[in-house]
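Have a look at the structure below, then the notes.
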Amino acid sequence: AAMLGFRWAPTEKFTATASVLYDIKYKGHLEHLDLGYKIADGWNAKVAGDILSGKRGTPIGTYDRNDRVTVSLNVTK
């Protein structure tokens, strides 16, 4: 397998991360992207998504139908 990742933070409030995992043996892949925004001290919002793709019966392909998007608001003290 091979993996490549990237993080971009143009300001203190905004961050973006992306990563790709490629299964060399079975030709499947997983992509992940998330965008975060610091609303205020201790308040963070985030949107994230995962896409899985591969042939049935392969390690990543087994989860091919499990793509997802999450939205979260976190408060920390």
Side-chain angles (χ1 to χ4, degrees):
M3 185 169 192
L4 178 67
F6 175 75
R7 182 174 188 272
W8 181 52
T11 68
E12 288 186 22
K13 291 187 173 226
F14 179 77
T15 59
T17 59
S19 58
V20 176
L21 172 71
Y22 183 71
D23 184 338
I24 296 166
K25 184 175 181 180
Y26 296 107
K27 311 296 185 217
H29 53 91
L30 159 67
E31 292 92 20
H32 174 82
L33 174 68
D34 83 44
L35 305 170
Y37 185 76
K38 181 179 178 181
I39 299 166
D41 286 341
W43 288 83
N44 295 298
K46 183 161 88 169
V47 175
D50 297 310
I51 298 172
L52 295 103
S53 182
K55 294 178 183 175
R56 292 183 108 189
T58 62
I60 294 176
T62 299
Y63 303 99
D64 187 53
R65 297 177 51 101
N66 292 352
D67 297 347
R68 70 179 179 166
V69 173
T70 57
V71 178
S72 61
L73 178 63
N74 299 315
V75 180
T76 56
K77 292 184 178 185

pair [X]-[Y]: side-chain heavy atoms closer than 4.5 Å:
| X | Y | result |
| --- | --- | --- |
| Thr17 | Leu33 | no |
| Leu4 | Ser19 | no |
| Ile39 | Leu73 | yes |

[X] [atom1] to [Y] [atom2] distance, which is reported to the nearest 0.5 Å:
| X | Y | atom1 | atom2 | value |
| --- | --- | --- | --- | --- |
| Lys38 | Thr15 | NZ | OG1 | 11.0 Å |
| Asp64 | Arg56 | CG | CZ | 9.0 Å |
| Thr62 | Leu52 | OG1 | CG | 10.0 Å |
| His29 | Ile51 | NE2 | CD1 | 9.0 Å |
| Asp34 | Ser72 | CG | OG | 8.5 Å |

Hydrophobic clustering (ILVMFWY, side-chain heavy atoms < 4.5 Å, transitive) - are [Y] and [X] grouped together?
| X | Y | result |
| --- | --- | --- |
| Trp43 | Tyr37 | yes |
| Leu30 | Tyr22 | no |
| Ile60 | Met3 | yes |

(message) For Asn66, is the CG atom crowded, meaning more than 12 foreign heavy atoms sit under 6.0 Å from it?
(response) yes

(request) Decide if atom OH of Tyr26 counts as having more than 12 heavy atoms of other residues, nucleotides or ligands within a radius under 6.0 Å. (result) no

